[in-house]
Amino acid sequence: MSSPVITRFAPSPTGFLHIGGARTALFNWAFARHTGGKMLLRIEDTDRERSTEAAITAILDGLTWLGLGWDGEAVSQFARAERHRAVANELLQRGKAYYCYCSPQELEAMRARAEAEKRPVRYDGTWRDRDPKDAPEGVKPVIRFKAPQEGETVIHDHAQGRVVIPNKDLDDLIILRSDGNPTYNLSVVVDDHDMGVTHIIRGVDHLTNAARQTQIYLAMGWQVPDMTHVPLIHGPDGAKLSKRHGALGVEAYRAMGYLPAALRNYLARLGWSHGDDEIFSTEQLVEWFSLDAIGKSAARFDFAKLENLNGHYIRHTPDAVLLKEFLAFLPHVEGGPEMLKALEGGRMAAFAKALPGLKERAKTLVELMTNAAFLFAVRPLALDDKARALLNDEGKAALRGVLPVLKAAADWQAPALEAAVKAHAEQAGLKLGKLAQPLRAALTGTSTSPGIFDVLEVLGRDEALARLADPL
RNA sequence: GCGCCCUUCGUCUAUCGGUUAGGACGACAGCCUUUCACGUUGUAAAGACGGGUUCGACUCCCGUAGGGCGCGCCA
């Protein structure tokens, strides 16, 4: 029996959960679910300067909103520093690491020199074989990993294939700072090993780290986890994701009115595929997910496609579920709390009634909210330019014509109203559009809305008739 | 500069040596229609370039160009 799969998502809490991180989490999650394994969460908070509680909260919230639950408690990497130090010392003991007394200034100078001479920027190994007795007075040393200088390090990667890095291009990295704190590459290896991580799935920006980490695993005699480095997500212009396009926290996507299910579906299709399948449920994603189906090239983030998918999800989400999602969304958007108040203040029924018509024409929850505004408008309605144009003399005349018909309606339900208005139109020799548009303008203050008979019904007899009479 | 990686329609992708190179988003046009959407039909749209290998390359190899990532006492 093979050991159960354990993946991990390991963000550093220096900012929100951005879209690339979200996808990495999704892949880790999907793979763990697919294999019946676990996804662990580790917060890489060893940078005490930049790590914040707020960021941790944002990341946890983001994952939760996206529906990507993790197994067990989130692990703080910083809290494990003692263990990392112990391993650094063990490496020292084994002759796989050494003290280096170079000052940051010296290293800076070393780098500057290399750059000026157009040589590769690497630590030159000054203290690699030097006797610690030569150590300068009062300098606190760092511990460097004694990386192999010859041969090559091979990474067997599900997405990248077999990647070979010449060892001469990897220098002796610092694993323990002069203040006694471990650095990233050491901590990651120790934690992944201790946490029993079997599969590492992360961004390709870690590929070089993968080589260095592999060397540390080997030096410790530990088994190297299975690795997958997924390509990065770029902005629409092919360059790095900037704040302008996609480098937003997932909470920004929530505020833009995207559904978690739609975002999951969209993200899954960025760099991963299952034949020609475009729209699939999360259950299907879990069922189909495979590391080997992850591509190698970077993908550009395309809002148009996300929006299309989101529209699909909005249309296909059952009303009751969508209503819940919408209510949960409102606190996160401008004007949302006010609408929430209005809904809870008695407009909920009308909104729920209007929802089927509303959701057909919204690509985001923000659009849904905008399109629902007519429900909450107060008389006399403010008209937009198009609505005003529709209510010209001809429009008003049409309105005057139907008003009695509507007043006479015994049954204030869309089908009955439709029948009555259509009969009137026919009798008056008017095309339905000539009637419907002025009605819409007067009823909603705009030129677009759900079906006009639904609008009539949803508004209710009194309110509708009053709105129609207002412009006359 | 050094190392690694990438390159199929505008975008996301399928193809895993033999296809009229498929799908989706977007675009455009038509249909549907009370508006907007939805839906539907159709059109345009791609193998970066140059060499090999092969009976046959988008698929394999080499080179070129372009792009990305990495090269911290950050993670």
Side-chain angles (χ1 to χ4, degrees), chain A residues 10-14 44-47 49-51 77 100 102-104 107-108 111 114-122 140-144 155 157 159-161 163-166 168-171 173-179 181 183-185 187-188 203-209 211 229 231-232 234 236 238-240 266 269-279 295-309 311-312 315 357 359-363 367 371 386 390 418 421-422 425 431-441 444 446-453:
Chain A
S12 57
T14 53
E44 313 231 303
D45 51 358
T46 52
D47 184 340
E49 299 288 307
R50 297 194 296 158
S51 297
Q77 186 161 63
C100 166
C102 287
S103 67
L107 295 174
E108 186 47 50
R111 264 193 291 276
E115 220 155 287
E117 294 168 19
K118 302 209 174 220
R119 279 182 301 119
V121 182
R122 280 193 278 277
K140 280 194 181 152
V142 299
I143 295 180
R144 281 185 187 271
I155 302 161
D157 190 288
Q160 305 296 322
V163 180
V164 180
I165 313 253
K168 66 175 170 53
D169 295 316
L170 266 16
D171 61 0
L173 81 206
I174 292 171
I175 53 177
L176 204 71
R177 298 185 178 96
S178 53
D179 66 3
N181 283 314
T183 60
Y184 172 74
N185 279 299
S187 301
V188 167
V204 256
D205 48 335
H206 285 289
L207 196 57
T208 312
N209 288 329
H229 288 86
L232 303 179
H234 290 165
K240 204 167 180 168
Y266 177 72
R269 285 289 292 118
L270 237 39
W272 177 84
S273 61
H274 182 263
D276 280 339
D277 293 307
E278 294 285 349
I279 294 176
K296 299 178 88 166
S297 47
R300 301 186 188 200
F301 196 91
D302 182 9
F303 271 103
K305 189 157 181 175
L306 205 213
E307 203 151 278
N308 170 276
L309 260 179
H312 178 273
R315 269 177 266 126
K359 77 177 189 181
E360 288 301 315
R361 14 184 87 66
K363 290 197 172 68
E367 250 181 69
N371 294 343
K386 284 178 184 168
L390 282 167
E418 178 167 1
V421 172
K422 277 190 169 163
K431 285 187 122 177
L432 192 50
K434 287 288 178 192
L435 226 48
Q437 280 306 80
L439 278 172
R440 193 176 331 265
T444 70
T446 69
S447 59
T448 65
S449 81
I452 199 63
F453 305 109

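Residue numbering restarts at 1 for every chain, and letters A, B, ... go by the order of the sequence lines.
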Rounded to the nearest angstrom, tell me the gap between atom NZ in A/K363 and atom P in B/A37.
7 Å
Using the P atom as the reference point in each nucleotide, state the distance between B/U35 and B/G30 in Å, no decimals.
16 Å
State whether A/T14 places a side-chain N or O below 4.0 Å from either non-bridging phosphate oxygen (OP1 or OP2) of B/A75.
no
Considering every strand shown, what is the Watson-Crick or G-U wobble mate of B/C60 when both distances are under 3.5 Å?
B/G52
How long is the span from the NE2 atom in A/H312 to the CD atom in A/E278, to the nearest 0.5 Å?
11.5 Å
How long is the gap from CG on A/L309 to CG on A/D302, to the nearest 0.5 Å?
10.0 Å
In this structure, CG of A/L270 is separated from CZ of A/R300 (nearest 0.5 Å) by 12.0 Å
Does the structure show a Watson-Crick or G-U wobble partner for B/G26, both distances under 3.5 Å? Name it, or say none.
none
Do A/D157 and A/L207 make a side-chain contact, defined as non-hydrogen atoms from C-beta onward lying under 4.5 Å apart?
yes
A/K296 side-chain N/O to B/C6 phosphate OP1/OP2 under 4.0 Å
yes
Given B/C5, B/A24, B/C73, identify the nucleotide with an atom nearest to the side chain of A/V142.
B/C73
note: A/K422, atom NZ; B/U34, atom C1'; distance rounded to Å ~ 8 Å
Atom-pair distance (CG on A/L435; C1' on B/U33), nearest Å
16 Å
If we take the C1' atom in both B/C36 and B/C16, what is their distance in whole Å?
45 Å
A/L170 side, atom CG; A/R122 side, atom CZ - distance, nearest 0.5 Å
8.0 Å
With a 4.0 Å cut-off on heavy atoms, is A/D276 in touch with a base, just the backbone sugar-phosphate, or nothing at all?
base
Given B/C36, B/A75, B/G10, which nucleotide is nearest the side-chain atoms of A/D302?
B/G10
Flag side-chain contact, heavy atom, 4.5 Å: A/D171 against A/V121:
no
Are any of A/S449's side-chain N or O atoms less than 4.0 Å away from OP1 or OP2 of B/C36?
no
Reckon A/R269 has a side-chain N or O less than 4.0 Å from the OP1 or OP2 of B/G23?
no
With sugar-phosphate taken as primed atoms, P, OP1 and OP2 and all else as base, the protein-contact string of nucleotides 57-72 of chain B at under 4.0 Å (heavy atoms; B, S, -) is -----------SSSS-
Closest to the A/E44 side chain: B/C12, B/A75, B/U11?
B/A75
N/O donor-acceptor pair, side chain A/R300 with base B/U11, under 3.5 angstrom
no
Quantified in whole Å, what is the P atom distance between nucleotide B/U7 and nucleotide B/C62?
14 Å
Nearest to the A/L270 side chain among B/U34, B/C12, B/A14, which nucleotide is it?
B/C12
Touch check for A/C100, heavy atoms < 4.0 angstrom, all strands: base, sugar-phosphate only, or nothing?
nothing
For B/G26 and A/N308 - does any side-chain N or O of the residue sit under 4.0 Å from the phosphate oxygens OP1/OP2?
yes
By the Watson-Crick or G-U definition, both distances under 3.5 Å, B/C38 is matched with none
Grab the NZ-C1' distance between A/K431 and B/C32 for me, whole Å please.
14 Å
Expressed as a whole number of angstroms, how long is the span from A/D179:CG to B/C73:P?
12 Å
Identity of whatever pairs with B/G66 - Watson-Crick or G-U, under 3.5 angstrom
B/C6
Give one of base, sugar-phosphate or nothing for A/P11, where a contact means two heavy atoms less than 4.0 Å apart.
nothing
Side chains of A/R269 and A/D277, heavy atoms from C-beta outward: is any pair under 4.5 Å?
no
On a whole-Å scale, what distance lies between the P atoms belonging to B/A21 and B/G47?
12 Å
Provide the distance between the two C1' atoms, one in B/C61 and one in B/C2, to the nearest whole Å.
25 Å
Starting at the 5' end of RNA chain B, which residue's closest nucleotide do you reach first, A/Y184 or A/S297?
A/S297
Taking B/C4, B/A75, B/G26 as options, the one with an atom nearest any side-chain atom of A/P166 is B/C4
A/N371 atom CG is separated from B/U35 atom C1', nearest whole Å, by 12 Å
Across the strands shown, which category fits A/T448 at heavy-atom distances under 4.0 angstrom: base, sugar-phosphate, nothing?
base
Describe the nucleic acid contact of A/V164 in one word from base, sugar-phosphate, nothing, applying a heavy-atom distance below 4.0 Å.
sugar-phosphate
Contact class for A/Y266 vs. all strands (heavy atom < 4.0 Å): base, sugar-phosphate, or nothing?
nothing
Base, sugar-phosphate, or nothing for A/G271, non-hydrogen atoms under 4.0 angstrom?
sugar-phosphate
As a test of reading the structure: which of B/G10, B/U34, B/A75 is closest to the side chain of A/T46, going by heavy atoms?
B/A75
Paired with B/U33: which nucleotide, if any, by Watson-Crick or G-U wobble criteria at under 3.5 Å for both distances?
none
Let's test this: given Watson-Crick or G-U wobble pairing with both distances under 3.5 Å, identify the partner of B/A45.
none
Within this structure, what is the CG-CG distance for the pair A/N209 and A/N185, rounded to the nearest 0.5 Å?
4.5 Å
Correct closest heavy-atom pair for A/P13 and A/E44 would be CD-O, 3.2 Å
Regarding A/S273, tell me which of base, sugar-phosphate or nothing describes its non-hydrogen contacts under 4.0 Å with the strands shown.
sugar-phosphate
A/F303 and A/Y266 aromatic centres sub-6.0 Å
no
Send over the distance from A/E278 CD to B/A24 C1', rounded to a whole Å.
4 Å
Inter-nucleotide P distance (B/G3, B/C9), Å rounded
29 Å
Say we look at B/U33 and B/A48: how far apart would their P atoms be, to the nearest angstrom?
45 Å
Using whole Å, what does the distance between atom C1' of nucleotide B/A14 and atom NE2 of A/H274 come to?
12 Å
How many angstroms lie between CD1 in A/I174 and CD1 in A/I143, if you round to the nearest 0.5 Å?
11.0 Å
Between B/A37 and B/A27, how far apart are the two P atoms, rounded to whole Å?
11 Å
